[in-house]
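The basis for the numbers below is simple: all heavy atoms, side chains too, and nothing from hydrogens, waters or symmetry mates. Letters A, B, ... mirror the listed sequences (proteins, then strands); counts begin at 1.
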Amino acid sequence: MRIERSLSGNPGSTGEYVLYWALANRRIESNRALAFAAELANQRGLPLLIYEALTCSHPCANDRFHTFILEGVPENQRRAEALGAGYVFYLRKSRRDEDEVLYKLASKAMAVVTDEYPAYIPREYNASVPAKIGVPYYPVDASCIVPMDAIGKQEYGAHTIRPKIHRLLDDHLKPVPRVRLKTKFTARRPALHTSVTPDNIAKLVAASEIDHSVPPSKEFAGGRREAERRLRFFLKENLRRYAKFSREPSERATSQLSPYLHFGHISALEIALAVREYATEHKIIADEFLEELIVRRELAFNFARYGPKPDSLDALPEWARKTLAKHARDERPVVYSREQFETASTYDPLWNATQKELLRNGVIHGYYRMYWGKKIIEWSRTHQDALDTMIYLHDRYAIDGRDPNTYTNILWCFGLHDRPWTERPIFGMIRYMSLDGMRRKTDVDAYIAAQEDAR
DNA sequence: ATCGGCTCGCGCAA
DNA sequence: TGCGCGAAGCCGAT
């Protein structure tokens with residue numbers, strides 16, 4: 001692995017260890033940023049210290065996300081220490097606490113390595129933190145299979161990025177080499193460490209100064225082991241059904257891994273490798289799944305990284321901005337308030353069921369998520385209101401929200417990475433979706449019944 | 001049940 | 001410069 005891109009200073013100055021800050025990829029295995037930090041440490045004869053944090057000043061901090069993240073911590077600590085690395089987890093319980101642990105740890109580090117991540121808070125950290133610490137700072141892309149840098153520019157759509165990804169895939173679709181640390185971390189653990197065990201998670205969450213009105217997901221428990229369990233289940237039960245049923249939500253044939261991908265409990269790389277191996281062994285064609293996991297996911301990261309902004313209508317292609325502007329003042333026969341959306345109180349039973357899935361589980365099935373978004377456009381006073389509502393609901397409830405993928409999914413509803421269609425009110429030439437269409441293609445009633453039963 | 005048109009623009013072949 | 005075709009469709013004609 002090359003040592004590249006120093007954003008501030010040069011490695012080689014003094015320090016007691018190399019610090020890896022698990023900002024977006026909260027895992028020890030299959031992590032290129034951590035592997036890079038380990039190589040740097042070995043090169044300098046220093047130990048590796050891994051830092052994972054959870055903050056309450058995050059604008060959407062609530063019980064759901066806190067619980068999910070905390071559930072991953074004991075396993076990360078165990079695996080980090082098994083490598084011979086140091087591990088510090090710090091939960092800042094109060095909104096007023098400064099982010100002083102990172103700065104303290106960084107002040108004794110030879111270099112800070114972290115995750116490049118083109119959205120939400122991590123993106124802001126990577127822009128602001130380097131200037132505040134006096135040591136070299138390396139953000140490494142540990143999220144994508146083909147690193148964002150290897151594409152290097154904003155792509156217009158799946159059809160333009162696909163050939164580039166496939167051309168580069170052989171170079172990158174291989175396991176991250178096992179990390180072996182030459183120097184064990186033997187220093188005393190820094191005092192500011194929050195001990196997390198399966199038993200004290202609920203107590204830690206309750207004591208945090210966060211929004212306690214969004215309960216933990218009823219469906220998804222966080223952590224590496226849970227991610228691995230779901231991957232095994234998907235391979236065994238659903239990979240062979242995926243091509244046929246991925247757009248039939250009532251069949252539940254999708255991987256259910258997006259929450260774990262979002263928090264980095266598992267990597268897209270290891271999922272792709274496991275899927276490819278299982279598919280070869282069992283003579284399954286996995287192309288449809290790998291297209292979603294690789295091409296479309298990486299298109300989303302490409303958009304977030306190289307587009308002007310991942311969460312703004314300004315980032316749409318010109319034809320979409322034009323047609324939306326033309327229809328900005330169209331009459332909206334039905335308009336719901338944010339509260340009506342949030343409480344799943346529309347006239348449409350399918351839409352309400354998708355919103356209930358979001359409220360209860362923290363995800364919406366990928367296919368219905370598009371319908372969910374299209375209807376919010378139809379039922380909002382302005383396009384900007386619709387975007388604000390979608391981002392608000394995702395940021396607040398979706399475990400896989402605040403992610404390049406979800407922002408891209410949301411903007412897709414406004415024409416991003418899509419093409420124009422027959423002009424119609426409100427939508428202009430943006431693709432429209434209807435309840436009749438959903439009924440024609442999917443078993444709407446089975447899905448609604450499943451959401452009702454799940455209460 | 002199936003089919004074509006709708007409508008724009010990228011990237012490639014020529 | 002022309003041409004094919006695209007992230008998940010709709011609608012009306014047959």
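- Between A/Y242 and A/F289, the ring planes are perpendicular. Angles over 60° get that label, and only those under 30° would be called parallel.
- A stem is defined here as three or more consecutive Watson-Crick or G-U pairs, each with both distances under 3.5 Å; for DNA chain B these stems are B:1-6 with C:9-14, B:8-13 with C:1-6.
- Residues from residues 438-446 of chain A placing a heavy atom under 4.0 Å of any atom in DNA chain C, listed by number, are A/R440, A/K441.
- A distance of 9.5 Å separates CG in A/L299 from CD in A/E291, rounded to the nearest 0.5 Å.
- Checked by atom type, the side-chain pair A/Y397/A/N361 shows no donor-acceptor distance below 3.5 Å.
- Note that CG of A/D115 and CG of A/L34 are 9.0 Å apart. Values are rounded to the nearest 0.5 Å.
- The distance between the ring centers of A/W412 and A/F303 does not fall below 6.0 angstrom.
- Counting non-hydrogen atoms under 4.0 angstrom, A/R162 reaches the backbone sugars and phosphates but no base.
- With both ends at atom P, the span from C/dC5 to B/dG5 equals 15 Å, rounded to whole Å.
- Judged as a salt bridge (Lys or Arg N to Asp or Glu O under 4.0 Å), and not counting sequence neighbours, A/E237 has no contacts.
- Classification of the A/Y336-A/Y347 ring pair by plane angle, with boundaries at 30° and 60°, yields tilted.
- Between B/dG9 and C/dG9, the two P atoms lie 22 Å apart (nearest whole Å).
- Of the residues in residues 415-431 of chain A, those placing a heavy atom less than 4.0 Å from an atom of DNA chain C are A/H417, A/D418, A/R419, A/W421, A/T422, A/R424, A/R431, in numerical order.
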Side chains of residues 257-272 of chain A: which donor-acceptor pairs under 3.5 Å do they make with residues two or more places apart or in other chains?
{"residue": "A/S258", "atom": "OG", "partner": "A/D400", "partner atom": "OD2", "Å": "2.7"}
{"residue": "A/Y260", "atom": "OH", "partner": "A/A221", "partner atom": "O", "Å": "2.6"}
{"residue": "A/Y260", "atom": "OH", "partner": "A/R230", "partner atom": "NE", "Å": "3.2"}
{"residue": "A/H262", "atom": "ND1", "partner": "A/Y117", "partner atom": "OH", "Å": "3.4"}
{"residue": "A/H262", "atom": "ND1", "partner": "A/G401", "partner atom": "O", "Å": "3.4"}
{"residue": "A/H262", "atom": "ND1", "partner": "A/D403", "partner atom": "OD2", "Å": "2.8"}
{"residue": "A/H262", "atom": "NE2", "partner": "A/G401", "partner atom": "O", "Å": "3.2"}
{"residue": "A/H265", "atom": "ND1", "partner": "A/G223", "partner atom": "N", "Å": "3.0"}
{"residue": "A/S267", "atom": "OG", "partner": "A/S30", "partner atom": "OG", "Å": "2.7"}
{"residue": "A/S267", "atom": "OG", "partner": "A/E270", "partner atom": "N", "Å": "3.0"}
{"residue": "A/S267", "atom": "OG", "partner": "A/E270", "partner atom": "OE2", "Å": "3.3"}
{"residue": "A/E270", "atom": "OE1", "partner": "A/R224", "partner atom": "NH2", "Å": "2.8"}
{"residue": "A/E270", "atom": "OE2", "partner": "A/R224", "partner atom": "NH1", "Å": "3.1"}
{"residue": "A/E270", "atom": "OE2", "partner": "A/S267", "partner atom": "N", "Å": "2.8"}

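- Sorted by residue number, the members of residues 364-376 of chain A with any non-hydrogen atom under 4.0 Å from DNA chain C read A/G366, A/Y367.
- One finds the CD1 atom of A/I145 at 13.0 Å from the NZ atom of A/K174 (value rounded to the nearest 0.5 Å).
- Across B/dG4 and C/dG4, the matching P atoms stand 15 Å from one another, rounded to whole Å.
- The residue A/W412 sits close to a base: some heavy atom pair falls under 4.0 Å.
- Residue contacts shown for A/T408 include a base, since a base heavy atom lies under 4.0 Å away.
- Atom CZ in A/R402 sits 6.0 Å away from atom OH in A/Y120 (nearest 0.5 Å).
- Ring geometry, A/H282 versus A/Y278: the interplanar angle falls under 30°, so the pair is classed parallel (tilted spans 30 to 60°).
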